[in-house]
Q: 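Here you go, one structure.
Each chain gets a letter, A, B and so on, in the order its sequence line appears, and its residues count up from 1.
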Amino acid sequence: MTTTDFLRLTGTSLIAHRARSLLTALGIAVGIAAVVLLTSIGEGLQQFVMAQFTQFGTTIVAINPGKATTAGTSMGMFGTERPLTIEDAMALEQLPFARAVVPFVQGNAEVEFGGRRRRTTVYGAGPAMPEAFRMGVSVGRFLPEDNPAAPRAFAVLGSKMRDELFREENPLGQLITIAGSRFRVVGVLESKGTVLGFDLDDTVYIPAARAMSLFNVEGLIEIDVMYEEGVPVDRVVDGIRRLLTARHGRDDVTITTQQQMLDVLGGVLDMLTFAVAAIGGISLLVGAIGIVTIMTIAVNERTNEIGLLRALGAQRSQVLSLFLGEAIVLAAAGGLAGLLLGAGLGQLLRVFVPALPVQTSVFYALLAEAVAVSIGLVAGVLPARRAAHLDPVEALRAE
Amino acid sequence: MRELATTAMIELSHIDRHFQVGDQLVKALDDVSLHIDRGEYISIMGPSGSGKSTLLNLLGLLDQPTAGTYFLDEVDVTSLDDGQQAHLRNKAIGFVFQMFHLVPRLTAAENVELPLVLAGVPVEERKRLIEPSLEALGIAERAHHKPDQLSGGQRQRVAIARATVMQPGVLLADEPTGNLDHKSGEDVIAILEGLVDQGITLIMVTHDMDMGRRATRQLRMMDGRLDQDLRTSNHGPS
Ligand SMILES: Nc1ncnc2c1ncn2[C@@H]1O[C@H](COP(=O)(O)OP(=O)(O)O)[C@@H](O)[C@H]1O
Ligand SMILES: [Mg+2]
């Protein structure tokens, strides 16, 4: 049998039952479309999040108080470790590989100017923050290099905060009130957008020591150390750990490298993509059951034809491949339709929800089609085998 | 014209075909021995259930005997495996059924083409074989019609074209006129007799005494046994 014969024989029988073939293929198409669409979103999300993360630079390690246990909870919950202090941050600056050290405190407060009030996140930070996190200053300057233990009451606004509080006015040199204390605005940051759900533009940055007393906290929530490029990250981690262990009397901090953060994040996103593919897989299973059903019906309906083919000298393998071929063509056509449907919906999403990054991966698309074909193969095997092993005499006699 | 061989084309020796139905043994064929020469025109008659179809299916390698040997063209076909038997059905045997058994979604020409497709005959050669075959049976204008657009007589002619397109040595017909009106039945018999004149071996099961008597050799079956074997000199309307 040539390919043309094969396609004509399988094709005509699929076309003879148009509606039924279409519905069966649709089952597979929906499953494939789900897998393609969902992996497209997953893949896009992954790329998006990674890009967001790495925009801060990759030579950063984060130091948090408390020892992270394997369960991820900090021993700090039990209050046994020393808090991270401004002095710790100052000491870390002395490390030879440290290019920039940024202490961090965070709190919510009401910010007020000229009768306009806005509740927002206030970050206590250090003057090195723009360098460490690649943030640009659009107007004025960032927090100056004051004595970190007793800095002046200066504030730098995020771009959105500036718009909300000052509208058209020039904010430089103006006094704003944060949680009842007055700060002088010295600069405005360039827009950074939303990163992992945090709106970095709708914020105010003040010196860390000021923030600590404002929020009445004893310790920093984090110190970020940006190290010189080319220095092995292990040496950086070791250096920091030795210094802080000496200062605290014991090792009571958690040091997270950028790579670890990316790994954890990547792992979570991988799981998300996988879960989503599994959901699609279930739809495919349902589609496969549809094919088994339809092919079983087809074999029953065409028992006479099978007997005839055998009488005309068809080998069992030829009967087998005809029915198997039908199942595969059905599944492959469904798969292709699903591929187009999934990718099409993805593009549509891209148009209507531009914030959600959609990226159809060729790998997943090919994988989905391969899966569709394999489903056809597996689903077709039993009915096709039954067809091939029918007794010709009985098959010809069947009603 | 085909060459006439001196040896038998078909040689059945002590063929049994038994079916176990519940605790009852049905002897559809019971110790049947039969010798058929090339080019013979044979009718098989007998009451319903006497084993005519079982014999024909066995001759056509669609069924296997419970006991006995079957030589077709000097080959012990009972010893062949399923694939080899399928190959022989394709090359050496033609079937015509009472129910026509045309594939409804294929045209007349495509139905005739089926044995060639299964045999892997190249496309150009198929055309060369199909056209004269349809021509000879007077259905050339119907080549692109589907079976449901054809009359019973036309359908059976398509089936005969399909059974003979591979130019088999033997043609097996199980009540080929059973579903046809008298006139169409006569036409079909005439066509089959024309094939006999060209040298084919025709073995035909029929209920119709008149048609059966036209054969040069008339077999009668009864309860799975061959109970009469009558030879007449020349075939033709009685
Ligand atoms: N597959 C089968 N199973 C059981 N009995 C069968 C089978 N095929 C045929 N028979 C029996 O064998 C006998 C001969 O059948 P058959 O050859 O079809 O008769 P006919 O002469 O009418 O063509 C009948 O009694 C029939 O019931
Ligand atoms: Mg019968």
Q: Quick one: closest heavy-atom pair of A:P392 and B:L62, and the distance?
A: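 Where A:P392 meets B:L62 most closely, the heavy atoms are CB-CD2, 3.6 Å.
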Q: Donor-acceptor pairs between chain A and chain B under 3.5 Å, which ones?
A:
| unit_1 | atom_1 | unit_2 | atom_2 | d |
| --- | --- | --- | --- | --- |
| A:D5 | OD1 | B:R126 | NH1 | 2.9 |
| A:D5 | OD2 | B:R126 | NH1 | 3.4 |
| A:D5 | OD2 | B:R126 | NH2 | 2.6 |
| A:L9 | O | B:R105 | NH2 | 3.3 |
| A:T12 | OG1 | B:R105 | NE | 3.0 |
| A:E305 | OE1 | B:R105 | NH1 | 2.8 |
| A:E305 | OE2 | B:R105 | NH1 | 3.3 |
| A:E305 | OE2 | B:R105 | NH2 | 3.1 |
| A:R310 | O | B:R89 | NE | 2.6 |
| A:R310 | O | B:R89 | NH2 | 3.2 |
| A:R310 | NH2 | B:D82 | OD1 | 3.0 |
| A:R310 | NH2 | B:D82 | OD2 | 3.1 |
| A:L312 | O | B:N90 | ND2 | 2.8 |
| A:Q315 | NE2 | B:G83 | O | 2.9 |
| A:R316 | NH2 | B:D82 | OD1 | 3.4 |
| A:Q318 | NE2 | B:L118 | O | 3.0 |
| A:L396 | O | B:H101 | NE2 | 3.3 |

Q: Could you pull out the closest heavy-atom pair between A:A314 and B:A86, with the gap in Å?
A: O-CB, 3.8 Å
Q: Within the 4.5 Å heavy-atom criterion, are B:L106 and A:L9 side-chain neighbours or not?
A: yes
Q: So, for A:G313 and B:L118, which heavy atoms are closest and what is the spacing to 0.1 Å?
A: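 Heavy atoms of A:G313 and B:L118 come nearest at C-CD1, 4.4 Å.
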Q: Tell me, which pairs form a side-chain hydrogen bond (donor to acceptor under 3.5 Å, both in side chains) where one or both residues lie in residues 363-373 of chain A, sequence neighbours left out?
A: none
Q: Could you look at A:A16 and say if it's the side chain, the backbone, both or neither that has a heavy atom under 4.5 Å from chain B?
A: side chain
Q: Could you list all the salt bridge (charged side-chain N to carboxylate O under 4.0 Å, His left out) pairs where at least one residue sits in residues 95-104 of chain B, not counting sequence neighbours?
A: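 Salt bridge (charged side-chain N to carboxylate O under 4.0 Å, His left out) check on residues 95-104 of chain B returns no pairs.
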Q: Looking at residues at least two apart in the chain, or sitting in another chain, which of them share a side-chain hydrogen bond (donor to acceptor under 3.5 Å, both in side chains) with A:T24?
A: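 A:T24 satisfies side-chain hydrogen bond (donor to acceptor under 3.5 Å, both in side chains) with no residue once adjacent residues are dropped.
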Q: With chain A, which of B:I93, B:L88, B:V103, B:L61 has the greatest number of heavy-atom pairs at distances under 4.5 Å?
A: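 Looking at each of B:I93, B:L88, B:V103, B:L61 in turn, B:V103 comes out on top.
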